[in-house]
Student: 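Below you will find the structure I want to go over with you.
Numbered from 1 within each chain, the chains take letters A, B, ... in sequence-line order.
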Amino acid sequence: VNVKVLYFALARDLTSTRSEAINVPEGTSVRELVRSLGALHPALGKLKDSVKCSVNLSIVTPETTLTDGDEVGVLPPVAGG
Amino acid sequence: MRARITKSPIDPEAALRSVRDSSAGGTVMFLGTIRNRNEGRQVRGLEYEVYKEMAEKRMAEIEKQVRARWPVRKMLMVHRYGNLRVGEISVAVVVSSEHRAEAFEACRYAIDTIKRSTPIWKKEKLTGGEESWTKGEPIEG
């Protein structure tokens, strides 16, 4: 299963990455993906549990299963307005 | 749907014109502007970052929620991104309705929900040259 991961704001600074393609096993959840992203970029640990993820432009729960071609957003706490 | 994310300056007069409606008896406009201080620090400007496609989708959903709750005539939401200086308008919400009460309520709901649930971030640029991401709150789904 190939997914595209997008990093924003502090997550982008911490990883020095705007987007990357990640290959995960079939049935991988968002929680498991976040864990492997943390292993890939240890600096992401700074964000702890404040980070949320979107899949294909919608906020999802960590239990959500990824499917091929998903676009995953790594979203630190927001501050619009 | 009139939800937009833009790099261009927001023109409040054009925003007001866009919600003009002959059946509207009231129009409420909220403008967010960059202020020169935050938590005791002297701010030179803000850099906004946005997940554009998702923010536009969220703003369209917010408009749908507003229209389901209040009999709004016309409505416009615009949020800027990029580098903004003190005094510039970062966000505008304009609502017209038959009577003022629903225009006030709908406008308040829309700006509060934009702040809580759209993927937008800002980096504070202080007068000393320091920069840091504003703390913020976890995004609501």
Student: So, B:D112 and B:R108, do they make that salt bridge, N to O below 4.0 Å?
Tutor: yes
Student: So which residue, B:M54, B:K115, B:K123, ends up with the most heavy-atom pairs under 4.5 Å with chain A?
Tutor: B:M54
Student: Has the side chain of B:S96 got a donor or acceptor atom that lies under 3.5 Å from a matching backbone atom of B:R73?
Tutor: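 No, the answer is negative, given that no donor and acceptor are paired below the 3.5 Å cut-off.
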Student: Calculate, to the nearest 0.5 Å, the distance between atoms CG and NZ belonging to B:L84 and B:K122 respectively.
Tutor: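 Here the rounded value is 10.5 Å.
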Student: Any donor and acceptor pair, going by atom type alone, linking the side chain of B:R80 with main-chain N or O of B:T6 inside 3.5 Å?
Tutor: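 No, the answer is negative, given that no donor and acceptor are paired below the 3.5 Å cut-off.
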Student: Do any of residues 65-77 of chain A have a heavy atom less than 4.5 Å from a heavy atom of chain B, and if so, which, in residue order?
Tutor: A:E71, A:G73, A:L75, A:P76, A:P77
Student: Could you check whether any side-chain N or O of B:T134 sits under 3.5 Å from a backbone N or O of B:G136, counting only pairs where one atom can act as donor and the other as acceptor?
Tutor: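 No, the answer is negative, given that no donor and acceptor are paired below the 3.5 Å cut-off.
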Student: Please check if any side-chain donor atom of B:R58 sits under 3.5 Å from a side-chain acceptor atom of B:S117, or the reverse.
Tutor: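 Yes, because at least one side-chain N or O of B:R58 sits under 3.5 Å from a partner of the opposite role on B:S117.
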Student: Salt bridge or not between B:E61 and B:K57? Use side-chain N to carboxylate O under 4.0 Å.
Tutor: yes
Student: Listed by residue number, which members of residues 9-27 of chain A have a heavy atom under 4.5 Å from any heavy atom of chain B?
Tutor: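 The list, in residue order, reads A:A9, A:L10, A:R12, A:D13.
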Student: Suppose we screen for ring pair (Phe, Tyr, Trp, His ring centres under 6.0 Å). Which residues come up paired with B:W70, at least two apart in sequence or across chains?
Tutor: B:Y109
Student: Under a 3.5 Å distance rule, please check whether B:R69 uses its side chain to pair with a backbone N or O of B:A106 as donor and acceptor.
Tutor: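 It does not hold such a pair.
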Student: Heavy-atom distance under 4.5 Å to chain A: side chain of B:S90, backbone, both or neither?
Tutor: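 For B:S90, the contact with chain A is made by the side chain alone.
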Student: For B:R20, does its backbone N or O pair with a side-chain atom of B:K74 as donor and acceptor, under 3.5 Å?
Tutor: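 Yes, B:K74 side chain to B:R20 backbone: donor-acceptor pair under 3.5 Å.
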Student: Quick one: of B:P119, B:G32, B:P138, B:S132, who has the most non-hydrogen atom pairs under 4.5 Å with chain A?
Tutor: B:P138
Student: Is the number of heavy atoms from other residues, nucleotides or ligands within 6.0 Å of CD (B:E137) greater than 12?
Tutor: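 Atom CD in B:E137 is not packed in, count stays at 12 or less.
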Student: Using non-hydrogen atoms and a 4.5 Å limit, figure out which bit of B:I139 sits close to chain A: side chain, backbone, both or neither.
Tutor: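 The answer is both parts of B:I139.
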Student: Report the distance from atom CG of A:L44 to atom OH of A:Y7, rounding to the nearest 0.5 Å.
Tutor: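 Reported value, rounded in 0.5 Å steps: 6.0 Å.
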Student: Does any heavy atom of chain A fall under 4.5 Å from the side chain of B:R116, the backbone, both, or neither of them?
Tutor: backbone
Student: How about CD on B:E130, more than 12 heavy atoms from neighbouring residues, nucleotides or ligands closer than 6.0 Å, or not?
Tutor: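 No, because the 6.0 Å sphere around CD of B:E130 holds 12 heavy atoms or fewer from other groups.
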Student: Under 4.5 Å between side-chain heavy atoms, hopping through other hydrophobics if needed: is there a path connecting B:F30 to B:I114?
Tutor: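 Yes, because B:F30 and B:I114 connect within a single hydrophobic cluster, where side-chain heavy atoms sit under 4.5 Å apart.
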Student: Taking all heavy atoms of B:E63 and all of B:M75, pick out the closest pair and write down the distance.
Tutor: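 The answer is CG-SD, 4.0 Å.
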Student: What residues of residues 40-49 of chain B sit under 4.5 Å from chain A when only non-hydrogen atoms are counted?
Tutor: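 Only B:Y48, B:E49 of residues 40-49 of chain B have a heavy atom under 4.5 Å from chain A.
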Student: Checking heavy atoms, do the side chain of A:S58, its backbone, both or neither come under 4.5 Å from chain B?
Tutor: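 Both parts, backbone and side chain.
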Student: Tell me whether B:V50 is reachable from A:L6 by hopping between hydrophobic residues (I, L, V, M, F, W, Y) whose side-chain heavy atoms are closer than 4.5 Å.
Tutor: no
